[in-house]
Protein chains: 4
Amino acid sequence: MSERDEDAGRAARSTRKDAQRNKKALLDAAAAVFVTSGVDAPVRAIAAEAGVGLGTIYRHFPTRADLIIAVYRHQVDACAEAGPELLASSATPYAALGRWIDQFVDFLVTKHGLAAVLQSDSTGFDALHAYFLDRLVPVCTQLLDAATASGEIRPGLRAYELMRGVGNLCVGAENDPDYDARRLVGLLVAGLGRPAG
Amino acid sequence: MSERDEDAGRAARSTRKDAQRNKKALLDAAAAVFVTSGVDAPVRAIAAEAGVGLGTIYRHFPTRADLIIAVYRHQVDACAEAGPELLASSATPYAALGRWIDQFVDFLVTKHGLAAVLQSDSTGFDALHAYFLDRLVPVCTQLLDAATASGEIRPGLRAYELMRGVGNLCVGAENDPDYDARRLVGLLVAGLGRPAG
Amino acid sequence: MSERDEDAGRAARSTRKDAQRNKKALLDAAAAVFVTSGVDAPVRAIAAEAGVGLGTIYRHFPTRADLIIAVYRHQVDACAEAGPELLASSATPYAALGRWIDQFVDFLVTKHGLAAVLQSDSTGFDALHAYFLDRLVPVCTQLLDAATASGEIRPGLRAYELMRGVGNLCVGAENDPDYDARRLVGLLVAGLGRPAG
Amino acid sequence: MSERDEDAGRAARSTRKDAQRNKKALLDAAAAVFVTSGVDAPVRAIAAEAGVGLGTIYRHFPTRADLIIAVYRHQVDACAEAGPELLASSATPYAALGRWIDQFVDFLVTKHGLAAVLQSDSTGFDALHAYFLDRLVPVCTQLLDAATASGEIRPGLRAYELMRGVGNLCVGAENDPDYDARRLVGLLVAGLGRPAG
DNA sequence: TATGAATGAGCCTTCATTCAT
DNA sequence: AATGAATGAAGGCTCATTCAT
């Protein structure tokens, strides 16, 4: 809008496109590297994967947490948005909760090192940690409340605690063929159900 | 009983008291530092905490795995020995399993970073990881089998998976007042119980 | 001629002047430190001498062998190229051999620690050792063969052995005013001459 | 003889014997380790080879040079003593010189790292260096003077320089089957001979 | 006296981060 | 804006040397 000059305008615009392209490339590269080497991967590795310079990473994402948040924001948002939808489309709130947890688990299990971010001591990932919880705890709370109201589950478990538990169960799951995080989460959710009678 | 496993009898490698004191100090220091900074803590930090030189660590524990194993051996052993005892003294096998898991959780929760060792990708801690599983999986299997035989739990969950799950639930538990690992483990064990009817 | 072997043309890896300056400074510093402390000198010492950080060395020369080779490459090349020229310009092949050896000695004597690289047990300098020999042994062989053919020297000595001998005679020469490596090499070459009659 | 007391005597005597035994064991061990790993071998390795404690080495040989000197003293002495004998028993002084050098080479070549001690910059081995030269240079001078007097060799080369040259030619010889130090030393000595005519 | 435990300087190497180009 | 060169802190490890036992 404000670029009308011939040269300055074109330059500014093309620059902006480059920047956007770089940002996208960085997010893709970071996602790929995180899967391979975890969220602690060397910055260089990410830059190399993206085919950009080191400085470009720091320009777009001053801290590592900024990058991680950006990488996973879309998926976190999708997960948050799925909550109400599942509640509306499922037979019971407990069923919705189960499905929502399943989706959350799918997300975590496919992102190496991501589950660890849910933990309280994720040093250096505070912003990311906070983002996760800010976005997801309300949704989870809504599901828990509904299932409690319907009498399907025992009351008392807070969403934060459930999410931490689910997150923890997913830690390291992708590397171990003998460990099925989904199954254990299933047991956890089953244990949450009000005992018959 | 197991106190003398290493230096059985008077033919111990070293009888020097200061050396033994240092070894003990190192184990205590390592335990403390592991709580604070995890099992990847700098060797220097452990040496400083113990008030000994760097070389002293390398003398007593040539590799990091040696140190970690030594730090937790006693407690792992105690946990292993508790299995049969609980089976004998509890009302039902499922109750024994629950108590044994409780004891295991108590152990893990008080030793930060330890739970992480149960995970499969504990790079560089293979020896420790193996020690844990070699020692505890058989005990846990015995308890699970008994509870399955008594019809109290659904069959099919392997001890390794249960222990990994419990271990995971305990990761980071000690630092977060809002997260009660025991409670979540309780839900997991409850979920394991055969649904009434 | 050989100046541009590495960064041939304008498509050089890096055009940054400061980087080139640093690389040059590192080569000079390494050469100087090698004279003082041998080719096993601490990396830090070389970095300090060059006035650059530690990482800069590792960037330009990932391994110590890379650095040593780079330090001496030009001179080795010059020496190799001088062989045929001397053969063409000298009165007899034996005279050419003598002059070539003189040049080689001049080279070695002014680069402390370099002579040691000719030795067989230069642990960790295999690449450098190989470079030296690959480059110079053929030249020396040519000179020896010519001098043998002209009947000026006794046959049988291989170029490798002669070069090792000359190299050895030069070890430590620059630090000792009472030791004249050139003189001793002169005796060696004289001894190689076919006895009159 | 002077120990007559029952306890004190036995103790003192046995102690003295132990000490001698240890010193001998250390010399043998050091000689063996020097052959294997050079004169820079870790002190620990020598102590281990000798089956004594670290402190024992330092008691008997406060510095590394002390140990090296002790290890080679006998052989240096033997070499020194061989000079006059060879002069007396050989046909000509030049022949005696050649034989003496041969013996010296035999000595150096069989002791890894020893030849390097002849060099001027043998940092930390100054005492050893000095011992070598003090002992051998006079002998070598005597041989050179005699051969000069007999007109067999060109005059002017000092004993120190010859010995340095021979020592240098022997550096690293034991590890390289393609390098025959004796042969090269032979050429050097041949080159020393007065040219016919 | 002998032992070997302890110390800590010193080296190597990696990688986050800054900044000249 | 982008690049990647440079920096240097951080951490692992090895040994020479001292000194309590």
Side-chain angles (χ1 to χ4, degrees), chain A residues 11-12 14-19 21-23 40-48 50-60 62-64 124, chain B residues 13-23 25-26 40-48 50-60 62-64 124, chain C residues 13-23 25-26 40-45 47 50-60 62-64, chain D residues 11-12 14-19 21-22 40-48 50-60 62-64 124:
Chain A
S14 90
T15 293
R16 193 166 301 152
K17 270 186 185 167
D18 285 0
R21 194 159 33 235
N22 276 337
K23 193 159 188 169
D40 286 316
V43 178
R44 253 175 173 39
I46 299 168
V52 304
L54 277 173
T56 307
I57 290 195
Y58 284 96
R59 165 174 299 275
H60 289 296
T63 74
R64 183 182 292 268
Chain B
R13 171 74 67 199
S14 167
T15 182
R16 274 178 65 163
K17 281 172 194 142
D18 55 344
Q20 293 308 316
R21 194 158 35 234
N22 273 336
K23 190 162 189 171
L26 272 171
D40 283 315
V43 177
R44 274 179 168 71
I46 300 169
V52 304
L54 262 181
T56 305
I57 290 196
Y58 285 98
R59 162 176 294 275
H60 288 296
T63 73
R64 184 182 291 269
Chain C
R13 171 74 68 199
S14 168
T15 182
R16 275 178 65 165
K17 280 173 196 142
D18 55 345
Q20 292 309 316
R21 194 160 32 237
N22 273 336
K23 190 161 189 171
L26 272 171
D40 283 316
V43 177
R44 264 177 169 61
V52 306
L54 266 177
T56 305
I57 289 196
Y58 285 98
R59 162 177 295 276
H60 289 295
T63 73
R64 184 183 291 269
Chain D
S14 88
T15 293
R16 193 167 301 154
K17 272 186 185 165
D18 285 0
R21 197 163 26 240
N22 275 338
D40 285 315
V43 177
R44 255 177 174 36
I46 300 169
V52 306
L54 276 173
T56 306
I57 290 195
Y58 283 96
R59 163 174 299 276
H60 289 296
T63 75
R64 184 183 290 269

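Reminder, nothing fancy here: chain letters follow the sequence lines and each chain counts from 1. Keep in mind that the numbers below use all heavy atoms, side chains included, and drop hydrogens, waters and symmetry copies. None of these values were measured; they are calculated from a predicted model.
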Whole-Å distance separating the [atom1] atom of [X] from the [atom2] atom of [N]:
{"X": "I57(A)", "N": "dA1(F)", "atom1": "CD1", "atom2": "P", "answer": "17 Å"}
{"X": "R59(D)", "N": "dA2(E)", "atom1": "CZ", "atom2": "C1'", "answer": "7 Å"}
{"X": "I46(A)", "N": "dC15(E)", "atom1": "CD1", "atom2": "P", "answer": "12 Å"}

Query raised in the report: So, does R64(D) use its side chain to make a donor-acceptor pair with the main chain of A41(D) at under 3.5 Å?
Result: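 Yes.
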**Report entry** Pairwise 5' ranking along DNA chain E for A41(A) and T56(D), keeping only the more 5' one
**Finding:**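 In this pair, the answer is T56(D).
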If you look at every heavy atom in [X] and [Y], which pair is closest and at what distance?
{"X": "H60(B)", "Y": "N22(B)", "value": "NE2-CB, 4.3 Å"}
{"X": "A47(C)", "Y": "G53(C)", "value": "CB-O, 4.0 Å"}
{"X": "A25(B)", "Y": "A50(B)", "value": "O-CB, 3.8 Å"}
{"X": "L26(B)", "Y": "T56(B)", "value": "CD1-O, 3.9 Å"}

Query raised in the report: Between H60(C) and dA6(F), does any side-chain N or O lie under 4.0 Å from OP1 or OP2?
Result: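 Yes, such a contact exists.
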Query raised in the report: With respect to the phosphate group of dA1(F), does any side-chain polar atom (N or O) of N22(A) fall under 4.0 Å of OP1 or OP2?
Result: no
Report task. Applying side-chain contact (heavy atoms from CB on, under 4.5 Å), name anything that partners Y58(B), two or more places apart in sequence or on another chain. Result -> V43(B), L54(B)
Query raised in the report: Taking atom NZ of K23(B) and atom CD of Q20(B), what is their separation to the nearest 0.5 Å?
Result: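 Reported to 0.5 Å precision, the distance equals 6.5 Å.
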Query - Watson-Crick and G-U pairing of DNA chain E written in dot-bracket, each distance under 3.5 angstrom, with | for inter-strand partners - result: .||||||||||||||||||||
Between the protein and nucleotides 17-21 of chain F, list the N/O to N/O atom pairs that are separated by less than 3.5 angstrom.
from, atom 1, to, atom 2, distance (Å)
dT17(F), OP2, Y58(D), OH, 3.4

